[in-house]
Peer 1: 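Below: one structure in structure tokens.
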2 protein chains.
Amino acid sequence: MGGGTLRMRDIARHAGVSPMTVSRALRQPSAVSEEMRRRVDAAVREFGYLPNRIAGSLSSSRSNVVGLVVPSIRNSLYASMIQAASDVLRTNGLHLMIADSGHRLEDEEALVSAFLAQRVCGLILHNTVHSKRMRKLVETSGVPVIETGNLPDEPLDMAVSYSNFEAARAMTLHLARLGYRKIGFVTLPVRDNDRSEERRRGYFAALAELGRPADASLVLEAAGGFSEGAEALVRLVNAHPDLDAGFFAGEVLAVGALFECQRRGWAVPGRIAIASFDDVDLLRHAVPSVTTLRIPRPEIGKRSAELLVRRLQGAPAEPIKVDLGFEIVQRESS
Amino acid sequence: MGGGTLRMRDIARHAGVSPMTVSRALRQPSAVSEEMRRRVDAAVREFGYLPNRIAGSLSSSRSNVVGLVVPSIRNSLYASMIQAASDVLRTNGLHLMIADSGHRLEDEEALVSAFLAQRVCGLILHNTVHSKRMRKLVETSGVPVIETGNLPDEPLDMAVSYSNFEAARAMTLHLARLGYRKIGFVTLPVRDNDRSEERRRGYFAALAELGRPADASLVLEAAGGFSEGAEALVRLVNAHPDLDAGFFAGEVLAVGALFECQRRGWAVPGRIAIASFDDVDLLRHAVPSVTTLRIPRPEIGKRSAELLVRRLQGAPAEPIKVDLGFEIVQRESS
DNA sequence: TCATATGCTGGTAGCGATACCAGAAAAACG
DNA sequence: CGTTTTTCTGGTATCGCTACCAGCATATGA
């Protein structure tokens, strides 16, 4: 059973050609004659031969695997990005190795090391905060890298993202423009996470522009679950009975808060308005539908993969920074 | 930059030992003397050497990558399974290559081929319906395989799952026991998907046990979106004004239906009860919280990975079929 | 004391493919 | 028709590492 995996030379023998001809017939059929191609194809099909990509990679020092590190596989946000990236890569004969860092910087470093040891031909990292050691690791490897979670000041290589700062700022201004006077902000954990940090900064920047005081008690940090969102809302309202809008840095938090309002019979947006980050289906279909920021996650995945592919095809290694922007989606909840 | 990647012999030279000693010091430190280990470690750290796993895999004909194919990366159900599997694999030095078949059988076959060409050391497949060619492909490769989406009659190798049939049957009986007289069932697309098919069969089996007629108009097939769930519910109610319960084969469908009830002011469960498949956070926190089937997704991922690891460590290649069961979670919506 | 066991190190020969070059055959040219 | 070019094929030498065996020390036994 399966023990005897075939090698190229076996196919070659059966086809009555040299191994080199088999190799060529498989990778660039146009380089061999009609006759050879026919013989090789026949033998390949007859034995169900699958070329050993490991050997191929070693020999050509070129791999066809891209490594991707996200903070959490579970999060559906990343899922839409991953899907889009995966699709583009696949049509270019590349595969995706996925790992999650669990939001731990040291784990990310270990994962990147492992990926580099596997000799991936490219890396996509969601995180944009890196240790010095990691930066050096990636740089000396010479592997093209894309960062996607934020627009970093000093990209490792290429970046495809949007501005968390601008997005949070824009939404805060939007809520103010709609007439909300007291806007609370619920952020995801900030530690080792520049995205959260940027969003918080954006919120405060907007308040400053509006000439409103920066009240730290209007900002709460919450882990990203439904309960945490509900809890945060309640705490904010208790502390600030005149709170008339809540801006949540994640869709799960926002929906958790929305459910809490339903349980307590608080009208949304009558009693309190709700706004969220990231346009997932859930927010569009919730009752009431939730105002949010549309971040072009699939486009980020697509562009990242495309840039990687282009670079692998020989494009010059110049730093590229793509800002795919965002969009405010005004809905019933505000 | 980075052009000159170091080889083991370079490290060996700098450490004043042979390449073999470096190899051993890295893989089984106990096999070399204290002194050698020290010298090698120092050189490795000094130059930031990363062993080339491609070469290592080729040489030892042993890889450390597991291939995983799910119908859709986007679906959060798979995410919790993937996460759990990934964790177990990582602690055993294995990595995960992930691909999605988009529910297309022919794509799955292509992906499995590609994975086998990459010489993965194991496969996890969610799907359990396979073409003849695919079965042969996998069998002759000799690679251990786990199927996770259903309990197949003829597993390729090992299976870790639960019974879709029994789960759907149990929930239908449960709803009947609660007193619901007319239970509609909304299934996900059935084509090439034995899970959906099994669920539908389970629903009908329950009806038969209850001595109720098998009314095909009580079953609707819907693609898995919020709108589709909402739509399906409305169509069912229009066709059957006395419908008092809706059982949805996916959580997005169920929540979509729930939202529709909220929009229309239908009391849940007063006017109509709702039940779902799969226990995701959303269902627990929705208002009202939704009755559902808890499928042990993380456990499935964990056990799958563990079985794979054990097999790679030399466990005999015997067919194993693990049924991790399910559980009915009764909540407010029914 | 010699013989056998044990611990550690290094040399050699692959793993299965591809890069590169050489050469034969066919085609194109003057 | 000879010469140059083009087209195609095959041999050889890696790619970077590990399996396997040989060999030298030191340790253990009789």
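Lettering follows sequence order; numbering is per chain, from 1. Worth saying up front: this structure is predicted, and the values here are computed from it rather than measured.
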Peer 1: Closest-nucleotide mapping onto DNA chain C: is B:Gly16 or A:Arg24 further toward the 5' terminus? I mean the 5' end.
Peer 2: B:Gly16

Peer 1: If the cut-off is 4.0 Å, is A:Thr21 near the phosphate of D:dG10, judged by side-chain N/O to OP1 or OP2?
Peer 2: yes

Peer 1: Between B:Asp10 (CG) and D:dG16 (P), how many Å, whole number?
Peer 2: 9 Å

Peer 1: Going by distance alone, is a donor N or O of one side chain under 3.5 Å from an acceptor N or O of the other, for A:Gln118 and B:Asn64?
Peer 2: yes

Peer 1: Tell me: CD1 of A:Ile11 to P of C:dT18, nearest whole Å?
Peer 2: 13 Å

Peer 1: Please examine the side chains of B:Lys302 and B:Pro298, heavy atoms only from C-beta on, and report whether any two atoms are closer than 4.5 Å.
Peer 2: no

Peer 1: Take the protein atom CE of A:Met20 and the nucleotide atom P of C:dG23, then report the distance between them rounded to whole Å.
Peer 2: 17 Å

Peer 1: Without decimals, in angstroms, what is the distance between A:Arg39 CZ and D:dG10 P?
Peer 2: 8 Å

Peer 1: Whole-Å distance between D:dT26 P and B:Glu35 CD?
Peer 2: 15 Å

Peer 1: Do the side chains of A:Glu35 and A:Arg38 get close enough for a salt bridge, i.e. N-O under 4.0 angstrom?
Peer 2: yes

Peer 1: Do A:Ser72 and A:Asp100 meet the criterion of a side-chain donor-acceptor pair at a distance under 3.5 Å?
Peer 2: no

Peer 1: So, does the side chain of A:Arg119 form a donor-acceptor pair with the base of D:dG16 at under 3.5 Å?
Peer 2: no

Peer 1: Would you call B:Arg311 and B:Asp157 a salt bridge, using N to O less than 4.0 angstrom?
Peer 2: yes

Peer 1: Whole angstrom is fine here: how far is it from CD in A:Gln28 over to C1' in C:dC20?
Peer 2: 13 Å

Peer 1: Ring-plane angle category for A:Tyr78 and A:His126, please: parallel below 30°, perpendicular beyond 60°, tilted otherwise.
Peer 2: perpendicular

Peer 1: So if I take every side-chain heavy atom of B:Arg7 and compare against C:dT18, C:dG10, D:dC17, which nucleotide ends up nearest?
Peer 2: D:dC17

Peer 1: Which heavy atom of B:Ala12 sits nearest a heavy atom of B:Pro19, and at what distance?
Peer 2: CB-N, 3.5 Å

Peer 1: Give, ordered by number, those residues of residues 43-66 of chain A having at least one heavy-atom distance below 4.0 Å to an atom of DNA chain D; if nothing qualifies, reply none.
Peer 2: A:Leu58, A:Ser59

Peer 1: Measure from CD on A:Glu34 to P on C:dA25 and round the result to the nearest Å.
Peer 2: 21 Å

Peer 1: Atom CG of B:Leu26 to atom P of D:dA19: distance rounded to whole Å?
Peer 2: 13 Å

Peer 1: By nearest heavy atom, map A:Arg9 and A:Ser23 onto DNA chain C; which one lands nearer the 5' end?
Peer 2: A:Arg9

